[in-house]
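Step one of this worksheet: look at the structure below.
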Amino acid sequence: MSGTTFGKGCHLHLIDGSAFIFRAYHALPPLTRKSDGLPIGAVAGFCNMLFKQVEDNKGPDAPTHVAVIFDHSGMSFRNEMYDQYKANRPPAPEDLVPQFPLTREATKAFNIACKEVEGFEADDIIATLACQARAAGGRVTIISSDKDLMQLVGGGVEMLDAMKNKRIDSDGVVEKFGVGPDRVVDVQALAGDSVDNVPGAPGIGIKTAALLINEFGSLEELLDRAEEIKQPKRRQTLIEMRDQIELSKKLVQLDCDMELDFTLDDLEVMEPDADTLMTFLTEMEFRTLSKRMADRLGVEAPAIPEAPAAAPVSAAAEAPEAVPFDKDKYECVRDAAALQVWVDRIRERGWVAVDTETTGLDEMVVDLVGISLCVEAGEACYIPLAHKAGGDDLFGGEGLSEGQMPLEEAVAMLKDVLEDPAVLKIGQNMKYDAKILHRYGVDVAPIDDTMLMSYALHAGLHGHGMDALSERYLDHTPIPIKPLLGSGKSAITFDRVPIEDAVPYAAEDADITLRLWQAFKPQLHQERVTTVYETLERPLVPVLAEMERNGIKVDRDTLSRMSNAFAQKMAGLEAEIHELAAETFNVGSPAQLGEILFDKMGLEGGKRGKNGKYSTGADILEDLATEHDLPRRVLDWRQLSKLKSTYTDALQDHINPDTGRVHTSYAQTGASTGRMASTDPNLQNIPVRSEEGRRIREAFVAEEGNVLLSLDYSQIELRILAHMAGIETLQQAFAEGQDIHALTASEMFGVPLEEMTPEIRRQAKAINFGVIYGISGFGLARNLRIPRKDAQGFIDRYFERFPGIRKYMDSTVEFAKEHGYVQTLFGRKIHTAEINAKGPKAGFAKRAAINAPIQGTAADVIRRAMIRMPGAIAHLPARMLLQVHDELLFEVPEAAVEETIAAAREVMENAADPAVHLDVKLVVDAGRGKNWAEAH
DNA sequence: GCTATCACG
DNA sequence: GACGTACGTGATAGCC
């Protein structure tokens, strides 16, 4: 056949490869390669399609020429016309990303032409080839269901929806668009396309567009004679939006005149090479397809080893021993040529584990020192970028070490892959590395994070730091950092570590990260936590990174004045305390205070703790305060001491000199329940309960012309409990907006609501909280300062009135005992390791098991809201700053306050939908002010 | 590095 | 019958 020229009697099949991958991915269950968990579902679907194509080669309607066309990653020429083109496309799912390069490999293995062109979309190549084939008098079948391609139908060109096995000719196009193929672009230009973000004309859909085009004949005619349109609104739109409509037409119009470096003749059908193809299918471990293909090619089917037995849950045993850790194999990348080799390998692989080395831990401040990369277990490199020369040399102290490529050059070379949507970047705590790289102009995406995977898999079992994970799941002890940096006063920063010492340490981190990813990836699916990881963990990373970068403005003068005032008051109290004690001692030392109170002064109630010291906690001092003046003074002194040292003094040190703001760091895996933790500084425990403490919030302020906005969920945990336990009385009370604590009191004590006293309500409130925490008579008694048997009586009465709550508690504990974990409504698992323990530990584990689904579900809800928030407020000048478990804090110009409240409340109140339908509605309260005290 | 204390939801 | 208890966090100071 070879050598024939494309022309009459020839039949060209054009396969829209990129579109097919997405359809295969979404249509098929997630499938992974058994030996290593590589996601492979879309590749399998793709190969089955190619197999059918090869089968067709012998059929009655056999193609003479065939090609699979792919989108080239990155931007197309349409983005230069309109920067929003396809801008609202979500990034490809992370388990699809590594499959892109594999589908190209598959195409080549089937010996089918595989084409893509930088700067163009697959549709344009298809259009160009179809036009060429039509001009030459041949037939064309476009295998795709993309409606954008329908403009090409006619004159021997048809489309075939491979999944539905449906052919579309000119009549089919008329059915879909109401116009013939030659007017499809006109209709699309008017109707727009939300998927590709083509604007079109607002308020006009396909139906109306077809009507107008059929009436006027063409888009140009329509726009010129728009005055003649009868409907006033439609007329106005077409006149006002003319530019946008014309731009839309350019966006949807396919380019039929691309210059290609190949011709139709290069696409001639070829038989697959048996060796190449069988090797590929065997590598992918496709058993059925290998067998069918072997039959078809008349060769022996290769043996593919059976899958190993289901992996044990404690995975230490299944650690991939195959590739031992070998720190001598790690490469030090010192120039552009060496780095280019790695960039090429990364592109070929479709994924890379990345780790950055820096001069410290505060991402807002520290500098990049080097980057390590790993594409395959055992094969990693370190790129030193800012290591300083040894300090011995009088002049070399501040100079850079030899043999490092310029930082800007390395970052520029890596930027493309790090931002490429077709290359997955894998990290351990990626938020840190992404924030560092962001400061060097790189927006890392898409990402996977082994720390978050471990959190989704193992919350409650152990921590999620790399060292612990490596020990546990790879059976490998990482090189410790301590010997490199030293400790205490002589500690150095990473840029002072000699490069030869840095290479094995840094490269190993990337190696470990990649291996952890390979171990965890298939586990997510097996443990049924893929949805948790994909919807509650992975998408939160960029949201938290942005909040942390935003920071919140803190007024140093206000804090400083408060510190001085506290210091004065403390000095006064300290003098009084020493006088009352008749000696001077360190008021801040519980040990010394205990001896004064109980030994010297002989007060009653001294209880010694484990280490023989008297206990002097607030509750004990509170009791003693009725006997003597000293304990009250100590309580006051302690409150001031706390406020001064932890807040008014320490917060000043956290004000970033560049931004004038305080940037906390959120630990996404901090709490086992799904809650976040805030550190450096902790902005989730800024005082609010006491009057003096609350004033510290006056130092958290909005920028000039802005206000702080606080939106918090009202009673979210009780609402979730009412839903989970199915307590209709409570659900109804929430639906009617009643005072839930008063209602509880009324139900329990039989007091009518109108006769409710604050004291009775307070007791009911304590019980409601107690229920959430896994109530005990002892705990409630201590909290309410009532006799234990009275507290037990309250609890008994509560359960009598709300038997569903007890049932919920019992069944939750039962579930935990059987499975070793409990779950939130959104599927998050919290492991309850010690639930079957004996002794006092059992009580702890039981209460934690009862609390975790409630606290965790509330945490999931606000996470969902936070993930949706950037999209919901993108059109507003508002910034999300802080999260405090059930509260979100925003900063917004005064003019946009109402709109922001409406948008944010909408997101928060509906955050559970559509994954979970709650039987109680969620209610969000909003406050605003120049500072956090006013807003809250 | 551990313990006690106390700030928050 | 004793155990020894509210759930989840982080920062600071004292003390070894």
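Numbers restart at 1 for each chain; the letters A, B, ... are given by sequence-line order, proteins then strands.
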From [atom1] of [X] over to [atom2] of [N], roughly how many Å is that when rounded to an integer?
| X | N | atom1 | atom2 | answer |
| --- | --- | --- | --- | --- |
| A:I596 | C:dG14 | CD1 | C1' | 16 Å |
| A:Y773 | C:dG4 | OH | C1' | 20 Å |
| A:I786 | C:dA6 | CD1 | C1' | 13 Å |
| A:L651 | C:dG10 | CG | C1' | 13 Å |
| A:M809 | C:dA6 | CE | P | 15 Å |
| A:D886 | C:dC7 | CG | C1' | 14 Å |
| A:L780 | C:dC7 | CG | P | 13 Å |
| A:Q792 | C:dT5 | CD | C1' | 12 Å |

Applying a 4.0 Å non-hydrogen cut-off, can you work out what [X] is touching in the nucleic acid: base, sugar-phosphate, or nothing?
| X | value |
| --- | --- |
| A:G774 | nothing |
| A:A766 | base |
| A:S615 | sugar-phosphate |
| A:R694 | nothing |
| A:F769 | nothing |
| A:G588 | sugar-phosphate |
| A:A859 | nothing |

Ignoring the backbone of [X], work out which of [options] is nearest its side chain.
| X | options | answer |
| --- | --- | --- |
| A:T646 | C:dA6, C:dG8, C:dA11 | C:dA11 |
| A:S589 | C:dC15, C:dT9, C:dA6 | C:dC15 |
| A:R675 | C:dG10, C:dC7, C:dG8 | C:dG8 |
| A:Q855 | C:dA6, C:dC7, C:dT9 | C:dC7 |
| A:N682 | C:dT9, C:dA6, C:dG10 | C:dG10 |

* Asked: Quick one: is A:R847 getting a side-chain N or O under 4.0 Å of the C:dC7 phosphate, OP1 or OP2?
  ->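 Looking at the OP1 and OP2 atoms of C:dC7, one of them is under 4.0 Å from a side-chain N or O of A:R847.
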* Ignoring backbone atoms, establish whether A:Q592 has a side-chain N or O less than 4.0 Å from OP1 or OP2 of C:dC15. =>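 Checking C:dC15 against A:Q592, a side-chain N or O does come within under 4.0 Å of OP1 or OP2.
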Can you tell me, in whole Å, how much space there is between the [atom1] of [N] and that of [M]?
| N | M | atom1 | result |
| --- | --- | --- | --- |
| C:dA6 | B:dT5 | P | 13 Å |
| B:dA4 | C:dT5 | P | 11 Å |
| C:dC3 | B:dC6 | C1' | 27 Å |

* To do: Dump the intermediate steps for ring pair (Phe, Tyr, Trp, His ring centres under 6.0 Å) on A:Y455 and A:Y533, then the final yes or no.
  => CA-CA 9 Å; A:Y455 187 54; A:Y533 175 71; over 10 Å; no
* Could you verify whether a donor N or O on one side chain and an acceptor N or O on the other, from A:T857 and A:T824, lie under 3.5 Å apart? =>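 A:T857 vs A:T824: no donor-acceptor pair found between side chains.
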[X] and [Y]: which non-hydrogen atoms are nearest, and at how many Å?
| X | Y | answer |
| --- | --- | --- |
| A:H464 | A:M451 | O-CG, 3.5 Å |
| A:V529 | A:A456 | CG1-O, 3.6 Å |
| A:A926 | A:I901 | CB-CG2, 4.0 Å |
| A:L457 | A:H831 | O-NE2, 2.9 Å |

* Asked: Yes or no on ring pair (Phe, Tyr, Trp, His ring centres under 6.0 Å) for A:Y798 and A:F749, after CA distance, side-chain angles and deciding distance?
  -> CA-CA 9 Å; A:Y798 182 89; A:F749 304 115; over 10 Å; no
* Measure distances between side-chain N and O atoms of A:R638 and base N and O atoms of C:dT12, and say whether any donor-acceptor pair falls under 3.5 Å. =>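 In this structure, the two groups form no donor-acceptor pair.
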* Separation of A:I767 CD1 from A:L784 CG (nearest 0.5 Å) ->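 Reported value, rounded in 0.5 Å steps: 7.0 Å.
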* Asked: On DNA chain B, which is the earliest and which the latest nucleotide, 5' to 3', with an atom closer than 4.0 Å to a heavy atom of chain A?
  ->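 Both ends considered, the range comes out as B:dT3 to B:dG9.
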* To do: State, with a plain yes or no, whether a side-chain heavy atom of A:V366 is found less than 4.5 Å away from one of A:Y432.
  =>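 The answer is yes, as the side chains (C-beta and beyond) meet within the 4.5 Å cut-off.
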